[in-house]
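Next up is a structure, given as structure tokens.
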There are 2 protein chains.
Amino acid sequence: MSIPSATEFVDQHRPAGGRRSDKRDVIVEIFLRQQGHIAADALVDLVRRHDARISRATIYRTLQWMVDAGIARRVDFGDGRFRFEHAYRHPRHFHFICKKCHSSLEFLSSDIETLIEEIAAVRGFEPDQSVLQIYGLCQGCRGGIAADRASFPTDAVFARDALRIAIATERSGREFYARAAKLTRDARGRRVFEKLATEEIDHLNRLERRYQQLLDQHPGLEQQPAFLFFKGAANGLFAAGTEELKKGVDDRKALLIGIRCERGSHRFFKRYGERFEESEGKRVFLQFADEEREHLDLLIREYRLRAPRRRRPSRDARRRRA
Amino acid sequence: MSIPSATEFVDQHRPAGGRRSDKRDVIVEIFLRQQGHIAADALVDLVRRHDARISRATIYRTLQWMVDAGIARRVDFGDGRFRFEHAYRHPRHFHFICKKCHSSLEFLSSDIETLIEEIAAVRGFEPDQSVLQIYGLCQGCRGGIAADRASFPTDAVFARDALRIAIATERSGREFYARAAKLTRDARGRRVFEKLATEEIDHLNRLERRYQQLLDQHPGLEQQPAFLFFKGAANGLFAAGTEELKKGVDDRKALLIGIRCERGSHRFFKRYGERFEESEGKRVFLQFADEEREHLDLLIREYRLRAPRRRRPSRDARRRRA
DNA sequence: CTAGGTGCAAATAATTTGCAGAGGC
DNA sequence: GCCTCTGCAAATTATTTGCACCTAG
């Protein structure tokens with residue numbers, strides 16, 4: 001389950017019944033080396049520099065082949081020509097497009113995607129892919145400081161942001177459980193929350209170590225602007241639990257609240273992670289989802305072990321028995 | 001300040017130093033009669049049916065002229081040709097595009113637009129216009145019931161949705177003030193909240209009358225699917241106030257809370273209304289914004305009138321005086 | 001041997017432009 | 001009369017295709 005190399009990535013996507021060809025391999029290889037998007041014509045230039053005998057038609061055909069195979073995506077900035085960007089370690093995303101210098105910034109927003117899905121459901125539409133392009137002026141062209149166009153692999157930034165979301169989620173979980181422990185009078189319930197809080201701290205530490213590792217691997221990564229924006233993920237998950245705390249909570253109830261939170265977290269990360277092509281970021285999402293799932297299973301087992309508190313049989317029952 | 005007719009709309013947008021021409025007028029007139037979007041070629045057919053001597057080039061040139069003047073918008077569905085839609089009583093919007101039957105549904109989401117602005121600000125980008133196209137399968141092509149393609153003027157649906165948001169906001173305001181009145185122990189504070197609640201009911205009634213009027217004007221309008229989606233507007237505004245109620249509130253504090261809520265509401269509707277071309281929906285937004293502003297001013301005056309409660313001078317002060 | 005793959009040149013398709021003449025102000 | 005608008009045909013631009021040839025399996 002490790003991340004494939006570029007060659008493996010292409011091989012995985014190669015359609016059955018196709019033949020190999022040196023020229024196509026050259027074109028694909030040069031294409032995959034590109035950061036961001038490239039127009040067909042620009043790719044022709046690049047390829048020609050390498051081998052002048054490769055014709056323009058072949059390059060167009062290969063581009064089409066890559067799009068069909070899922071190796072490339074065709075994007076349209078509305079200026080009458082298509083650009084292509086590769087999918088290798090490069091999730092689908094949205095674009096800010098500068099009208100002046102024609103540069104573009106990439107980003108993704110889980111919140112926007114969630115809203116799109118909600119609205120589509122209301123209108124009975126089954127969305128398949130969304131194109132969001134925001135035209136305007138970039139920082140540089142507005143006379144501000146130009147954002148550094150250092151070409152970090154999107155994948156690394158994506159992984160970083162995925163980890164940041166995971167960390168934010170754990171933090172918010174830790175805070176919730178700590179607060180819950182303070183508020184809970186029932187001793188057993190309190191102990192459950194305390195344990196949950198400790199576990200969140202453990203998990204948080206692990207995530208933070210992994211984050212640090214990633215930063216060590218890519219010096220300067222932390223300063224890269226955000227790629228993946230999210231608000232709902234971390235904020236929404238624990239909100240529902242807060243209300244219930246007021247009613248007083250015993251150990252089983254506490255476990256139930258924990259189960260609900262972990263399940264929400266698990267689902268969000270699972271669902272979101274599944275949306276992406278193989279990449280470090282996808283792995284962060286899915287791994288975190290798995291970890292939440294494990295924790296969830298543990299809580300469920302714990303819940304089942306604790307028999308419901310014996311209640312004094314009701315007056316009716318006592319009378320009937322007598 | 002009434003809504004201009006189509007002719008007035010064109011005249012308002014006509015650039016200075018241009019000359020009139022019958023042919024162009026014909027093209028513009030036929031174009032403005034269209035619902036939804038139309039490809040240049042299709043417009044050529046339509047215009048030719050009216051006057052066969054108008055050349056293709058003139059129609060392309062007029063289309064360009066309309067886009068420059070802000071009468072038309074050019075939209076790109078990525079299939080290699082542009083479509084045009086007019087701006088007259090037709091706010092900018094997003095599209096669901098069916099990959100099978102090539103139909104399209106229009107919608108707008110204040111929440112998505114807010115998120116876009118927030119993200120743009122973080123990335124230092126100054127957004128000017130956003131293109132959001134969601135490709136997939138429409139209800140009809142999925143084998144469900146086809147949505148009725150009854151061609152309601154977008155403007156009417158937009159106005160309806162704007163009123164719905166305003167009504168939802170008032171409702172949530174009324175509920176908040178009623179709850180606040182119940183929770184407030186201080187008699188003067190309670191009376192302030194009670195008065196606010198009554199005022200909201202008045203306002204709500206007025207809005208509902210207006211809504212009914214609109215429905216009477218356009219039979220079948222209520223059944224049209226939603227065009228404008230919103231979640232944040234009504235929900236978010238009164239949330240902050242709820243926390244404060246717990247701390248106990250006197251009349252001045254109650255007024256302050258009311259002021260904050262009305263101000264939030266005013267700002268949202270003002271800002272959102274200003275984004276649109278002249279239309280019934282824009283008017284609903286701006287009028288509602290004005291009404292909130294009036295209410296706000298009233299509250300502020302009321303607040304100023306009420307002197308702060310006299311406090312017993314502190315022990316230090318008494319000692320100093322002695 | 002045969003189904004793809006490739007090169008070349010020609011075709012396409014939507015849109016734009018040069019230029020001569022028509023027409024609004 | 002001047003400057004803009006219009007019609008026609010030719011140009012442009014990015015992309016696709018027909019066809020003869022090539023080559024991997």
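Chain letters run A, B, ... following the sequence lines, proteins first, then strands; residues in each count from 1.
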Exercise. Which nucleotide span of DNA chain D, 5' end to 3' end, has atoms closer than 4.0 Å to non-hydrogen atoms of chain B?
Worked result: D:dC3 to D:dC8

For this session: In whole angstrom, give the distance that lies between atom CG of B:D76 and atom C1' of C:dT15.
Result: 13 Å

Problem set entry | d(CZ, A:R14; P, C:dG4) in whole Å | 15 Å

For this session: Specify the angle, to 10°, made by the local axes at the two ends of the helix from C:dC1-D:dG25 to C:dC25-D:dG1 when five pairs are taken at each end.
Result: 20°

For this session: Scan for ring pair (Phe, Tyr, Trp, His ring centres under 6.0 Å) pairs involving residues 114-139 of chain A, sequence neighbours excluded, and state none if there are none.
Result: A:F125-B:F96

For this session: For A:R160, enumerate each residue passing the salt bridge (charged side-chain N to carboxylate O under 4.0 Å, His left out) test, keeping only those at least two apart in sequence or located in another chain.
Result: none

Exercise. Is there a donor-acceptor pair under 3.5 Å between the side chain of A:R48 and the backbone N or O of A:I54?
Worked result: yes

Exercise. Got a sec? Which of residues 46-72 of chain B come in under 4.0 Å of DNA chain D, heavy atoms?
Worked result: B:R53, B:I54, B:S55, B:A57, B:T58, B:R61

Exercise. Looking across every strand, which nucleic acid part, if any, lies under 4.0 Å from B:A40 by heavy atom: base, sugar-phosphate, or nothing?
Worked result: sugar-phosphate

For this session: Identify, with sequence neighbours excluded, every residue that meets ring pair (Phe, Tyr, Trp, His ring centres under 6.0 Å) alongside B:H86.
Result: B:H90

Exercise. Residues two or more places apart in sequence or in another chain: which of them pass salt bridge (charged side-chain N to carboxylate O under 4.0 Å, His left out) with B:R92?
Worked result: none

Seminar exercise, completed: note: A:R19, atom CZ; C:dA3, atom C1'; distance rounded to Å ~ 4 Å

Problem set entry | Shortest non-hydrogen separation from A:S109 to B:I119 and the atoms involved | CB-CD1, 3.6 Å

Exercise. Counting only non-hydrogen atoms, which of residues 21-32 of chain B are less than 4.0 Å from DNA chain D?
Worked result: B:S21, B:K23, B:R24

Problem set entry | Sequence-distant partners of A:D41, side-chain hydrogen bond (donor to acceptor under 3.5 Å, both in side chains), two or more places apart | A:R56

Seminar exercise, completed: Whole-Å distance, B:F82 CZ to C:dA13 P, equals 17 Å

Counting only pairs under 3.5 Å, give me each side-chain donor-acceptor contact of residues 59-70 of chain B, with atom names and distances, residues two or more places apart or in other chains.
{"residue": "B:T62", "atom": "OG1", "partner": "B:T58", "partner atom": "O", "Å": "2.8"}
{"residue": "B:Q64", "atom": "NE2", "partner": "B:D68", "partner atom": "OD1", "Å": "3.1"}

Exercise. Between the main-chain N or O of B:K231 and the side-chain N or O of B:D111, is there a donor-acceptor pair closer than 3.5 Å?
Worked result: yes

For residues 17-27 of chain B, tabulate all N or O donor-acceptor pairs below 3.5 Å that involve a side-chain atom, not counting sequence neighbours.
{"residue": "B:R20", "atom": "NE", "partner": "B:D25", "partner atom": "OD2", "Å": "3.3"}
{"residue": "B:S21", "atom": "OG", "partner": "B:K23", "partner atom": "N", "Å": "3.4"}
{"residue": "B:S21", "atom": "OG", "partner": "B:R24", "partner atom": "N", "Å": "3.1"}

Exercise. Do A:F227 and A:F107 have their ring centres less than 6.0 Å from each other?
Worked result: no

Seminar exercise, completed: In short, salt bridge (charged side-chain N to carboxylate O under 4.0 Å, His left out) pairs touching residues 94-107 of chain B with sequence neighbours left out are A:D128-B:K99

Problem set entry | Under 3.5 Å: donor-acceptor pair, side chain of A:R283, backbone of A:G273 | no

